[in-house]
S.K.: 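Here it is, the structure in full.
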Number of protein chains: 2
Amino acid sequence: MVGIGRDEYTGRVVATSGGFLYEHLAAELGQAIDRGALRAGDRLPSVRRFAQERSVSVATVLEAYMRLENAGLIEVRPKSGHFVRRRSALIAEPRRPRSCSTPSRVTVSDAYTKILAAMRDPEMLPLGCATVDQAFLPIQALNRLVIQVTREMTTIGARYEGPPGLVTLRRQVARRAVEAGVALGENDLCTTIGATEALSLALRAVARPGDVIAVESPAYFGVLQTIEGLGMRALEVPANPRTGLDVTAFEDTLRQQPVRALVVTPTVSNPLGSVMPDEERERLVRIARRYDLPIIEDDVYAELVFDGSRPRPLRAFAGPSEDSHVLLIGSVSKTLAPGYRVGWVAGGRWHDQILRFQFSHTLACPALPGMAVAEFLASGGYDRHLRRLRAALAGNIERYRETIATEFPEGTRVSSPLGGFVLWIELPPGVDALQLHEQALRHRVVVAPGPLFSARQRFTNFIRISAGAPWSERFAEGLRTLARLSARE
Amino acid sequence: MVGIGRDEYTGRVVATSGGFLYEHLAAELGQAIDRGALRAGDRLPSVRRFAQERSVSVATVLEAYMRLENAGLIEVRPKSGHFVRRRSALIAEPRRPRSCSTPSRVTVSDAYTKILAAMRDPEMLPLGCATVDQAFLPIQALNRLVIQVTREMTTIGARYEGPPGLVTLRRQVARRAVEAGVALGENDLCTTIGATEALSLALRAVARPGDVIAVESPAYFGVLQTIEGLGMRALEVPANPRTGLDVTAFEDTLRQQPVRALVVTPTVSNPLGSVMPDEERERLVRIARRYDLPIIEDDVYAELVFDGSRPRPLRAFAGPSEDSHVLLIGSVSKTLAPGYRVGWVAGGRWHDQILRFQFSHTLACPALPGMAVAEFLASGGYDRHLRRLRAALAGNIERYRETIATEFPEGTRVSSPLGGFVLWIELPPGVDALQLHEQALRHRVVVAPGPLFSARQRFTNFIRISAGAPWSERFAEGLRTLARLSARE
């Protein structure tokens, strides 16, 4: 005798014992959904028609549908009928990592160089790198601006635009910051080679080799690499899948040991996609001030919250700009053009030092890409583009989640990001993400293995995948490959 | 009774005692030259005519002219007559600094930020920054290439060109390196944000904070700033005005104390304009190998030797590429477009480490400027451009030297560079270059004060001026202003 149940982790339909007719019906439908014969969004036959087809009573069908609804497999839409629910609604989120009190030298991994190298190979399915596909970017408009700028400012390449960099760009960035609630002027900003240089300069301004830098756990591996490159140590503080850095755990850490700075992404963290609530932001800024601790705030995903809100950066809670202990970092690499390498930093108290460091490490940013971006920001086309991009990415994320929920082995969990375009996948215990990464490469699929996101090589059974490209059968196939490889491990 | 003599330092004509008629004549002509009544290149009256005019014998005039010739004031051109020599041929070169055995933390000076800031002010006379004026650069051709590249490679900005960077650019740079005698392939190279990032990455690859880095004295202040920015110490080794780094003094230094690396510009050093002879290059490479010492070779001026020779880089003397202890650095900032920020490094033994550091500090270079430069290098227009540029700069340098020789106070010495476009001026003892720099700014003239070129703030009575802009009355006036300010000090 069968009935239906749901696996704790995956929400996958499983048969349970039981003998009533409605249980058999429910199990049959549940398995059809599970096999994909009925797909998310499909309408089930009407109660009356199904009862006729199967020669059972309306009450039996109603009871079966109710079971499926209770199991989360279908949903009732008033006046429309019963529909198969998205499977992704059922899959659990990855678990929050445990606290860890020992700072570590970051261990270099080769995985990230492979990820970057694979990006240049068009044969590779680009699930590894956190960039948006060109199909979602306003490349045409930017190209037109490049040509226009080149024609109008004919001598733009002929001189160094030394620190703090192009004033036109700084003015536009400051304007948008003010709109987001941060009192910034053009003189509070320095343009950089993407957010990566901004982070490197900010870290060097506030800390020395050997110093301990607190990071979210999991953390974007680029942050860890930069910390490593500067000879500093990373201390991982647990982050919650929805709300980001655990501020209480962070405060505990500060009580226990010397920390020199915090690097944090309050809005759409990478890889979790979490967004820190305003109260937590305020609390974090207050705590940091009490400990005289600089916060380096990575705000690169801030425009990509799906609901269109633009959370106030920590910097907005941190008092006057020139004396701020929050160093705000941004770029257009996630929203306009990664290859332009246009970023910025508002260094607060460390602004002058950042200008000096930039002078001695890159001397100046190339003017042309910055000029084109400034023109784009000034045009007003940016907000229109962002609205479209957010909608496209939200749809994408749901599509990827759905496929993961359907295809990946039991015990898989996946993040439910509030913005951005990456998913953090916890695979069943025992799956080795580094091996999976290697095997996937052989199938021309690139993913970012979990240990990259930890200075201590935790997250051995996690991977991050990017959902920044338009959905296609190629991506579906890539995900199925990953699912197969994960199941085999 | 008067005769003529020449001041030891300036070559300025001075009267000496003596009573012969030819001595009086010679003194009179010499003083006319000194006052500028007779100018460089002017033809003197023929011997016969002058004898008639003055009612003296031809022998007396001949004797007077011979005296002037011996004093270096005039020259005989066969079948043309006697001509006033360039004054710049007479002015002495700056003196070689003494050795100094203590490495120093570099002391930061604000002067360089003022120099950079002043660059953006079109009201300022740009004698401070070592860049070539746009009038000498092929900006139009580059702009056309930018537009062409943007049209043809429409998605060039849409992805990261992570380390080692654009292969098209690396291929062109490798091709030119091979022509210069260095066996380099595209895989030996990494593109960078100008030579400044290349230097920063190279230094970080070979040394740690606190390490001692040997530099030429005087050294380009950017090198000193980068060393300072990385928390390393600079040790100055004397350089000769014509042949650059004193290799014997350098070897003595290595015997006496631990040195972690050498940064050197063998071809057209900045500020001296020296070119190291091949035998010295070979010797330097051999000595460094014996001490297992990495050499960071700054080759950015290598295409700007006036006689069109392209000296083989040290790297050419240093064995197979992948194991080389010479890290070769270059850029197009001195020859094509400073604002493009296109440079490169061939890291030899440290290549992989440089790629990793770049990944964590800038992530990637912007693709568009590099692509335009690669196209330009591939076009063959580069060599044509370089020929014109060298001729223009050589003429410029002579013009500036001439004016300095004529206008600056007694005791002034000036370098006689073999290439490039900067002049290193030793002002009379007692002139304070930092004060001069400040006063000049008030007259809207920017110069680089000597102490910037030393980690120990030596060269207190030196300045570097740039002769990278087409000559005009504005520059003549600027030099006269500097001369006046120097005389008043």
Side-chain angles (χ1 to χ4, degrees), chain A residues 108 112-113 116-117 119-120 129 131 133-134 137 139-140 142-143 146-147 150-151 154-163 193-197 200 204 208-209 222 225-231 333 336-342 355-357 359-369 372, chain B residues 108 112-113 116-117 119-120 129 131 133-134 137 139-140 142-143 146-147 150-151 154-163 193-197 200 204 208-209 222 225-231 333 336-342 355-357 359-369 372:
Chain A
V108 177
Y112 73 85
T113 41
L116 267 194
M119 275 191 63
R120 281 193 292 272
C129 198
T131 46
D133 187 86
Q134 60 197 58
L137 298 175
I139 299 289
Q140 305 289 352
L142 283 168
N143 284 348
V146 163
I147 291 171
T150 304
R151 287 209 175 113
T154 48
T155 60
I156 195 177
R159 57 176 201 181
Y160 297 127
E161 273 294 342
I193 307 291
T196 303
E197 191 198 13
S200 174
R204 297 188 53 221
R208 296 275 152 268
Q225 296 296 340
T226 306
I227 290 172
E228 186 229 350
L230 294 169
S333 300
L336 280 183
Y340 277 32
R341 313 302 301 120
V342 170
L355 298 187
R356 268 216 305 278
F357 281 138
F359 177 82
S360 68
H361 289 279
T362 47
L363 188 57
C365 298
L368 182 56
Chain B
V108 178
Y112 73 86
T113 42
L116 266 194
M119 273 192 64
R120 283 192 293 272
C129 198
T131 48
D133 188 85
Q134 59 196 58
L137 298 175
I139 299 290
Q140 305 288 353
L142 283 167
N143 283 349
V146 164
I147 291 171
T150 305
R151 287 209 174 113
T154 48
T155 60
I156 196 176
R159 56 176 202 182
Y160 296 128
E161 275 293 343
I193 307 292
T196 303
E197 192 198 13
S200 174
R204 296 187 53 223
R208 297 276 152 269
Q225 297 296 338
T226 305
I227 290 172
E228 186 229 349
L230 293 168
S333 300
L336 281 183
Y340 277 32
R341 313 302 302 119
V342 170
L355 299 186
R356 269 216 304 279
F357 281 137
F359 178 81
S360 68
H361 289 278
T362 46
L363 189 56
C365 299
L368 182 57

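Letters go in sequence order (proteins before strands), and every chain restarts at 1. All values derive from a computational prediction rather than experimental measurement.
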S.K.: Is chain A contacted by the side chain of F357(B), its backbone, both, or neither, given a heavy-atom distance below 4.5 Å?
M.R.: side chain
S.K.: Can you tell which of A367(B), C365(B), G194(B) has the highest number of heavy-atom pairs within less than 4.5 Å of chain A?
M.R.: C365(B)
S.K.: Taking the side chain as everything from C-beta on, heavy atoms only, tell me whether R341(A) gets closer than 4.5 Å to L363(B).
M.R.: yes
S.K.: Do the side chain of T226(A) and the main chain of S360(B) share a donor and acceptor less than 3.5 angstrom apart?
M.R.: yes
S.K.: The criterion is side-chain contact (heavy atoms from CB on, under 4.5 Å); which residues satisfy it with N143(A), sequence neighbours excluded?
M.R.: I139(A), Y340(A), T150(B), T154(B)
S.K.: What option among A364(A), A337(A), G222(A) has the most heavy-atom pairs under 4.5 Å with chain B?
M.R.: A364(A)
S.K.: What pairs with T196(B) under side chain to side chain donor-acceptor pair (under 3.5 Å), at least two apart in sequence or on another chain?
M.R.: none
S.K.: Can you tell which of V146(B), D133(B), L368(B), L142(B) has the highest number of heavy-atom pairs within less than 4.5 Å of chain A?
M.R.: V146(B)
S.K.: Any side-chain heavy atom of L230(A) within less than 4.5 Å of one from H361(B)?
M.R.: yes
S.K.: With a 4.5 angstrom heavy-atom cut-off, could you sort out which part of C129(B) is near chain A: side chain, backbone, both or neither?
M.R.: side chain
S.K.: At a heavy-atom distance under 4.5 Å, which candidate from P366(B), S200(B), A372(B), P369(B) has the highest pair count against chain A?
M.R.: P366(B)
S.K.: Any side-chain to backbone donor/acceptor pair from R204(A) onto G229(B)? Under 3.5 Å, distance only.
M.R.: yes
